[in-house]
Amino acid sequence: MPSPPPHRRLAIDANGYANLARQVRSPNHDTRPVDALVTLVVIHGISVPPGVFGGDGIMRLFTNRLDPASHPDYATIAKLRVSTHFLIRRDGTLIQFVSCNDRAWHAGVSSWQGRERCNDFSIGVELEGTDDVPYATAQYTKLSRVLKALKRRYPIEHVAGHSDVAPGRKTDPGPAFDWARLERLTAPRR
Ligand SMILES: [Zn+2]
C-alpha cells in the first residue's frame, strides 16, 4: 500500500515564494520601497462575482483577464489593477500571485498606526468569501500556517483586517471572520 505523503511544513523561501502554494503570476505588483520591512499582514475577504464561490473570477481579476461582458458587476472592476500575495480558497487551497518580497496592490489607500500606504510594508492574504458568510475551517487552518511561515521569514508585528487599515472604505473580511479563532490557532504553544 502506498504510504501517505510526508507532512511538509509550509515555508517562504528567500525569494518570497511559498513552497506549498500553487503559483500564478500577477503583473499587478512592483518593488517595495528600499529598506521597507514587512511588518503587517492584511486579511481580506473576496468573491468574484460577490457571493459566488469556486469559480475563476478571482484568478481572472488578479491577472487582468476578467471579461467585462461576462457579468454586470465586471464592467467597473475589470479595469482595476489589483493583486494579493496569497489567496486561500474555501477548500483551503493556497494560491500565490506575487512574491512576498515584492509589493502587491491589495490595500489601496490605507494606513496602520499612523503609517500610510500599507502595501509598502504588508503582505495581503485574501480569503475567498463574503463579509457575512462564515469562513471555512480549512481556510482558518491554512491561514494559520501561512501566518506562521511568514513570521519565520519576516518581522511581522501585526495582523489586521482590510477594514482596519481602510475604515469607512472597506468592510472585508467582515463580521463573519472570527479573529478569536485565528488567535487560538496561531498562539504559541506552551
Ligand atoms: Zn480587501
Side-chain angles (χ1 to χ4, degrees), residues 18 21 24-30 32 36 38-66 71 73-90 92-100 102-113 115-136 138-140 142-144 146-147 150 154 156-179 181-183 186:
V24 175
R25 291 284 76 84
S26 170
N28 305 331
H29 69 275
D30 52 12
R32 295 185 188 274
V38 178
T39 57
L40 176 68
V41 177
V42 178
I43 308 292
H44 302 257
I46 190 172
S47 45
V48 179
V52 177
F53 304 152
D56 65 358
I58 303 172
M59 315 287 289
R60 288 184 171 276
L61 175 65
F62 291 150
T63 54
N64 305 336
R65 291 182 298 118
L66 210 53
H71 190 279
D73 287 353
Y74 288 0
T76 43
I77 65 169
K79 300 191 201 82
L80 297 177
R81 291 294 171 263
V82 289
S83 62
T84 184
H85 293 96
F86 295 107
L87 167 67
I88 302 174
R89 305 211 69 155
R90 303 293 295 183
T93 301
L94 180 65
I95 302 166
Q96 181 169 15
F97 294 88
V98 173
S99 162
C100 296
D102 288 331
R103 178 169 61 184
W105 303 343
H106 59 97
V109 176
S110 53
S111 80
W112 177 250
Q113 297 187 336
R115 196 171 163 196
E116 309 285 315
R117 292 182 301 279
C118 293
N119 287 345
D120 289 357
F121 57 96
S122 70
I123 299 285
V125 181
E126 300 270 1
L127 304 177
E128 184 178 28
T130 66
D131 286 4
D132 44 19
V133 175
Y135 291 90
Q139 292 180 297
Y140 286 98
K142 188 58 63 71
L143 175 58
S144 71
V146 168
L147 291 175
L150 286 169
Y154 302 98
I156 304 292
E157 294 170 356
H158 302 282
V159 180
H162 199 186
S163 55
D164 298 316
V165 302
R169 193 175 69 83
K170 294 290 177 181
T171 59
D172 62 302
F177 187 75
D178 187 343
W179 286 97
R181 183 174 184 181
L182 180 66
E183 192 88 5
T186 53

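One-based numbering, in listed order, for ligands and for the atoms of each.
For R90 and E128, the salt-bridge test fails: no basic side-chain N is under 4.0 Å from an acidic carboxylate O.
Shown are the protein N/O/S atoms under 2.8 Å from the Zn ion (ligand 1), given by residue and atom: H44 ND1, H162 ND1, D172 OD2.
Remark: R115 engages no residue in a side-chain hydrogen bond (donor to acceptor under 3.5 Å, both in side chains) (not counting sequence neighbours). Partners of H71 under the ring-ring contact (aromatic ring centres under 6.0 Å, His included) rule, at least two apart in sequence or in another chain, are Y74. Here T130 pairs with D132 under the side-chain hydrogen bond (donor to acceptor under 3.5 Å, both in side chains) rule; sequence neighbours left out.
One distance of note links NE2 of H85 with CD1 of I123; it measures 4.5 Å at 0.5 Å rounding. Rounded to the nearest 0.5 angstrom, H29 NE2 and N119 CG are separated by 13.0 Å.
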